[in-house]
Amino acid sequence: MGYILQFIIGGTILVSASMLSKSKYLFLSGIITLLPIMTLININLQIHNMSIGDFRITQKNAIFGAFGVFIFISCIYILTKWFKPPYAVLCAVIIYILYMIGCKHFSS
């Protein structure tokens, strides 16, 4: 349940950032603008509230997550060449979910 709540909060933040962006490419510029800020805040929280072992596990999960975001955005970009945007996003979400399930299985 905690992962779902974090996903909703993170998604809300990313959507808010993209809505406030004034670029032609709203989604990508919002993510590019917000990621460094979220990374700095996240590192600060990790340093103060985690043990070394927990910090290492979080780093490994962050690498899987960063690659997942790359897969998600790339899938949307590639699939919009063949499908209408809502279907491309839906397919990309399904691919992303399968990737994250695979990462969870691989890391355990």
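What you see below is based on every heavy atom in this structure, not just the backbone, and it leaves out hydrogens, waters and symmetry mates.
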dist I95:CD1 -> S74:OG (nearest 0.5 Å) comes out at 10.5 Å
Any chain of hydrophobic side-chain contacts (each under 4.5 Å) joining [X] to [Y]?
| X | Y | answer |
| --- | --- | --- |
| F70 | I94 | no |
| Y87 | V89 | yes |
| I101 | I63 | no |
| Y77 | L90 | no |
| F67 | I76 | yes |

Which heavy atom of [X] sits nearest a heavy atom of [Y], and at what distance?
| X | Y | answer |
| --- | --- | --- |
| Y99 | F64 | OH-O, 2.8 Å |
| A92 | L79 | N-CD1, 4.0 Å |
| Y96 | G68 | CD1-O, 3.4 Å |

